[in-house]
Amino acid sequence: MMIKYEKLNAEEFKTEIKNILSKNDNKESIYKLSEIYDKNLPKESNIILEKELKILLEPYKKGSIGVAQINPIAGDIEYNSQKVVKYIQHAQNIGLDLVVFPELTLMGYPIEDTIDRHPIIVEENVKWLKEIAKITTKTTALVGFVEPRKYNHLTGKKYYNSVAILQNGKIEGIVRKSLLPTYSEFNDYRYIEPSPVIGNQPGNTLGDFDSEKIQKCPMTNLINGLKYGISICEDCWNNKEFFNDTTLYSIDPIDELSKENPDVFVNCSASPTRAKKEQLKHNMLSFISKKYSTPIVYVNQVGAIDNSSFDGSSRVFDKNGKLLARAKSFKEQFLIVNPHMELGKIYPLTKGLEKTLTEAKVYTLEYEPDLERTYKTIIQGIKDYFKKTGFQRAVLGLSGGLDSTVCAVLLADALGPENVFGISMPSKITSSESKSDARELAQNLGINFTEASIKEMVDTTNSCLQNLFKTVEQKWDCKYSQSFTMDNIQARSRAMFLWGISNEFAKCLPIATSDKSELYMGYATINGDMSGGFAPIADVPKTKLFALAHWLNKNREVKNAIPEAIILKKPGAELAINPKTGKPLIAEDALMPYEFLDEIIWRVENKKEHYYDMLNSEFLYESKHNVSKEQKIQWLDKFYRRMSSALYKWSILPPSVIVDSRSINKYDYKQPITSSRINYKGLDESIIEEKIKNFIDV
């Protein structure tokens, strides 16, 4: 039975602390007590706990570090500062040398163009920083913030991404980020100036620093007799040996810091979680610590900000490259470590990720190792998006299909079933099985549910449109012989219901249920199934969704909430009848087998393969099915044709948490919508030569 420490009185609390101390050695007791501190304890209980922790930590004092893995709110400087003050006070009360916070802690990362449009918030984060510095009387704190850069006569950007060294009641030093990523979801260089110098500069350079004002001083910072080489996120991702000379930048800040033989490297980071990223991060940090025979303390942000979900998992490697400590994944935590005295605890990664640390980069349908991370990434994305924007409830259409089903499960787990309303919105095409599957799912999840037919709205809308079309036809002679108007009327009628509920009931957001595979092919309706305020699964391909559905049935507290019939059912929107079968159109009939489609997407995103690379290599699907060359050409042609025409849909996709290693989320990937005429096959030089001649002749 779990003890609710926050409900114990002082004497009861003391008794429980004594029980912990009697049953565990000193190191384990430190972590047991630290986990209790993370709860909402009464002030008196915290005082008792901190006194015991201070006694336990006395032998580990020199070189002791508190890793403050926090979940900030972008732009809410007061909220973020409150967390910083809480952990600085805690670190001082238990006698730590140092407490370290993630990158841009006071501001929250990413903050994007807000600092340029509203520079007052930069002024505010500096004011808060200066006041926070005054409380650091016993423990040194490393706090990330946005630093203004005097701009009158300077070229370049207006700000630095900086970490302040708060010591002895003031700002003793400042480290500024040198390497600014501008790939994937990162856009640092849009508003941040790269530091002209590696490592530390004096605190009096705050807000008045450029290449002309570099002061001669050690790159490292001295804290209780030990030298710390401090860097910020990307600054540790440029080791030429590890990346086989394929680095993005000409300098390696860690290599520069190593010249002063620091006792510890510290990296303040805000690094989002992605598929396969854990493998890279783990191996890279281990490589750095072993190469320089120097422990590295990596402090990562946790929580989600819009499309980016940060997994935390802060960690420490010893001087031999061995993992010494790792914080929890997807949870705030204050982790106490001492890399010189082997004080650390390794909390587990999400289940399965340990298996991926040596995994080759090949396409596979064995999604199991990444499913818990996928689940927790999306759950965190939903929770923080709703909490940080003030929404509490979600409404979504329940079609009885896979996409809306998985979305419903994720929403129920993230927001609580009482805050989710599933609406079955049948048309005349909807099967009785779809309706009953949706109802059964809602009952199993315990979410709110009702059925609302769209027939009347569809008929009325169609009647109005047909009258309107007759008028338009008098001027335009370009009417389609076969159109998708009726399909779209159905999808948009459903969206009308969902938005109506959202408008009528407080703090309620409609959910877009499109998945990554269908978004790539434009198999989604604008103002229909794409319509909503958040898109939970927009970065999850269909084959992975099937695997995730099975995983949810096995791993949630309530087993088998998803009816097996939904997982076995062939996906389809039930918007039109297939003239060949007389039954609702199956998505794969309109597109191609999802297994083949998802491998195309994977090859494009992860290996940057082009048309003929794929045509001339074997797909996983081909190892199990007979596929003629003509059929493969037809599918590849369809993929590029439909992808090109879907670009405008990607641009209006609602916010969606990034899950995969690569994405079409507009924060991760940008392509001009008007680039739909790209020749993805390429041309032979002889053909280009002939075309040039024709241009000249013309």
For Lys290, I'd like to know if atom NZ has over 12 heavy atoms of other residues, nucleotides or ligands within 6.0 Å.
no
Taking Asp539 first and then Lys516, would you say they form a salt bridge - that is, a charged N and a carboxylate O separated by under 4.0 Å?
yes
Heavy-atom neighbours of Glu260 CD exceed 12 at 6.0 Å
yes
Against the six-membered ring of Tyr189, is Lys157 placed for a cation-pi contact (under 6.0 Å from the centre, within 45° of the normal)?
yes
Are His282 and Phe287 close enough that their ring centers fall under 6.0 Å?
no
Closest approach of Pro655 and Tyr385, non-hydrogen atoms and distance?
CG-OH, 3.5 Å
Distance-only donor-acceptor check, side chains Asn267 and Ser231, under 3.5 Å:
yes
Least distance between heavy atoms, Tyr60 atom then Asn338 atom
O-ND2, 2.7 Å
Show, in sequence, the C-alpha distance, side-chain angles and deciding distance for Glu609 and Arg603, and conclude whether the salt bridge (charged side-chain N to carboxylate O under 4.0 Å, His left out) test is met.
CA-CA 6 Å; Glu609 289 188 2; Arg603 285 169 176 257; 2.8 Å; yes
Six-ring centre of Phe209, Arg176 cation under 6.0 angstrom, axis tolerance 45°
yes
Heavy-atom count around Lys130 NZ within 6.0 Å, excluding the residue itself: above 12?
no
Can you find a pair of side-chain heavy atoms, one from Val264 and one from His340, that are under 4.5 Å apart?
yes
Can you tell me if Lys62 has over 12 outside heavy atoms packed within less than 6.0 Å of its NZ?
yes
Please answer whether the main-chain N or O of Ile77 pairs with a side-chain N or O of Trp128 as donor and acceptor at a distance below 3.5 Å.
no
Candidate pair Tyr520 and Trp650, rule ring-ring contact (aromatic ring centres under 6.0 Å, His included), full reasoning:
CA-CA 8 Å; Tyr520 248 99; Trp650 302 358; 5.1 Å; yes
Is there a salt bridge (charged side-chain N to carboxylate O under 4.0 Å, His left out) between Glu185 and Arg274 once you walk through the steps?
CA-CA 11 Å; Glu185 68 266 63; Arg274 307 288 291 259; 2.8 Å; yes
Is the Tyr292 ring parallel, tilted or perpendicular to the Phe265 ring (thresholds 30°, 60°)?
perpendicular
Let's go through Asp208 and Lys213 carefully: what are the C-alpha distance in whole Å and the side-chain angles of both, what is the deciding distance for salt bridge (charged side-chain N to carboxylate O under 4.0 Å, His left out) to 0.1 Å, and is it a yes or a no?
CA-CA 8 Å; Asp208 188 16; Lys213 296 189 176 184; 2.5 Å; yes
Short side-chain donor-acceptor distance under 3.5 Å, Asn168 and Thr136
no
Using atom types as modelled and distance alone, determine if a side-chain donor or acceptor of Tyr159 lies under 3.5 Å from a backbone N or O of Ile115.
yes
No-hydrogen, no-angle side-chain donor-acceptor test under 3.5 Å, Asn224 and Asp97
yes
Evaluate whether atom NZ of Lys61 has more than 12 neighbouring non-hydrogen atoms of other residues, nucleotides or ligands under 6.0 angstrom away.
yes
With heavy-atom distances below 4.5 Å as the criterion, would you say the side chains of Leu323 and Ile346 are in contact?
yes
Asn679 atom CG, over 12 foreign heavy atoms within 6.0 Å:
yes
Could you tell me whether Lys86 atom NZ has more than 12 heavy atoms of other residues or ligands within 6.0 Å of it?
yes
What is the ring orientation for Tyr87 with Phe101, classed by angle as parallel under 30°, tilted 30 to 60°, or perpendicular over 60°?
tilted
So does Lys277 have more than 12 non-hydrogen atoms from other groups sitting under 6.0 Å from NZ?
yes
Asn71: what forms a side-chain hydrogen bond (donor to acceptor under 3.5 Å, both in side chains) with it, not counting sequence neighbours?
Asp384, Lys388
Among residues at least two apart in sequence or on other chains, which ones pass salt bridge (Lys or Arg N to Asp or Glu O under 4.0 Å) with Glu112?
none
Check each of Asp210, Asp116, Asp113 against Lys158 using the salt bridge (charged side-chain N to carboxylate O under 4.0 Å, His left out) test, and report the only one that passes.
Asp116
Arg662 vs Asp668, salt bridge (charged side-chain N to carboxylate O under 4.0 Å, His left out): CA-CA, chis, key distance, verdict
CA-CA 7 Å; Arg662 296 289 182 270; Asp668 185 59; over 6 Å; no
Check: Tyr249/Glu234 side-chain N/O donor and acceptor closer than 3.5 Å
yes
For Thr273 and Arg373, which I'm curious about, is there any donor-acceptor pair between the side chains at under 3.5 Å?
yes
